[in-house]
Amino acid sequence: MTKIGVVVFPGSNCDRDTIHGLELAGGEPVELWHEQASLEGTAAVILPGGFAYGDYLRAGVIARFSPVMRAVGAFAANGGLVLGICNGFQVLAEAGLVPGALLRNRGLRFLGRDVRIAAERLDTPFTALAGSGRPLRMPIAHGEGCYFADDMALDALERDGRVLFRYVHEDGSIADDQGDPDNPNGSLRAIAGVLNAAGNVAGLMPHPERAAEAILGSEDGLGILRSFVEAAGASAGSPSAAPAMAVR
Amino acid sequence: MSDFRFAVNVTPKPGILDPQGRAVESSLAHLGIDGVSAVRVGRRVELTVSATDEAGARTTVERLAGELLSNPLIEAFAIERLATDVP
């Protein structure tokens, strides 16, 4: 089975759910503590949701400077697959591993409820098995999820096909920027997830691991985790696989 | 070495959505206050730096402010020198 690292920061609270979801998706999850500088030879890494370091200062910023994030940065630069979910997305954005920033939700409230997103790209390691572009229902649980980048950066993201997920209506049409409950946090251009330039690092605000089995009310997230595990398995034999030794 | 005390004021850049500022602004009507606009809510961090001189201390603060205390994509910062005897 393919080993997938799940980073545990002080304040992570979706690590166990992510581990369970990865098991359902056929992966072999390995916990990676924030103070370790080695990814233990895992084939891919997930930064799970939560409130790393209490989200003090700005969500994700203190986590960015942890030893494990130096290793994740080197791994990503080498082509390794990295997925950030919710707080993990905020950490990736603060670290500059994905573009943009996550601002306070426009309504100022923490939101915990189901939303619908659709994958714009189906040819990525994160979405190949994720429902062929149909709306996927899964929960959000965040206070800072309003995706922001300047207009030029947004244009470039769209042009380069780096918008991975958008918030959509039930019929699959893209939600509006403002005053549309289907774009819960007011993300610009309804962006719910993005890719880095090389296409090996992605972040999204909704929680696929909380929608990965029927008992949770939706299995729509499982396809994202399965895509990730499968792509990690395919890359495990390649030189881009995580170095087994410590990265300084 | 001497101790130099600074404050770093971090504010949302112009044009960046600031829902907190907007919420504050809209609450002013409840206080019976009018004529207040463009409210922006930021963050202030005070800190002491040990260095041989003020210029060296300021360099440290600038790095800290740019790399950690603010996110240059969305926030601007301004550094203020404070009296050193503030605890």
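The chains referred to below are lettered A, B, ... by the order of the sequence lines, with proteins before strands, and numbering in each begins at 1. The shown structure was predicted, so the numbers you read here are calculated from the model rather than taken from an experiment.
Among L17(B), N71(B), L69(B), the residue making the largest number of heavy-atom pairs under 4.5 Å with chain A is N71(B).
For chain A, the nearby parts of Q20(B) are the backbone and the side chain; heavy atoms of each come within less than 4.5 Å. Proximity to chain B involves both the backbone and the side chain of L57(A), based on heavy atoms less than 4.5 angstrom apart. Proximity to chain B is limited to the backbone of N105(A), based on heavy atoms less than 4.5 angstrom apart.
Ring geometry, Y53(A) versus F9(A): the interplanar angle falls from 30° to 60°, so the pair is classed tilted.
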Scan the side chains in residues 110-122 of chain A for donor-acceptor partners under 3.5 Å anywhere in the protein, sequence neighbours excluded, and list what turns up.
from: R113(A); atom 1: NH2; to: P181(A); atom 2: O; distance (Å): 2.9
from: D114(A); atom 1: OD2; to: R137(A); atom 2: NH1; distance (Å): 2.6
from: E120(A); atom 1: OE1; to: R166(A); atom 2: NH2; distance (Å): 3.3
from: E120(A); atom 1: OE2; to: R166(A); atom 2: NE; distance (Å): 2.7
from: R121(A); atom 1: NE; to: D123(A); atom 2: OD1; distance (Å): 2.7
from: R121(A); atom 1: NH1; to: G161(A); atom 2: O; distance (Å): 2.5
from: R121(A); atom 1: NH2; to: D123(A); atom 2: OD1; distance (Å): 3.3
from: R121(A); atom 1: NH2; to: D123(A); atom 2: OD2; distance (Å): 3.4

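Side chains of T48(B) and D3(B): a donor-acceptor N/O pair is absent below 3.5 angstrom, by distance only.
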Item to complete: Tell me, with the steps shown, if L82(B) and F6(B) meet side chain to side chain contact (heavy atoms under 4.5 Å, CB included).
Response: CA-CA 5 Å; L82(B) 302 177; F6(B) 292 89; 5.7 Å; no
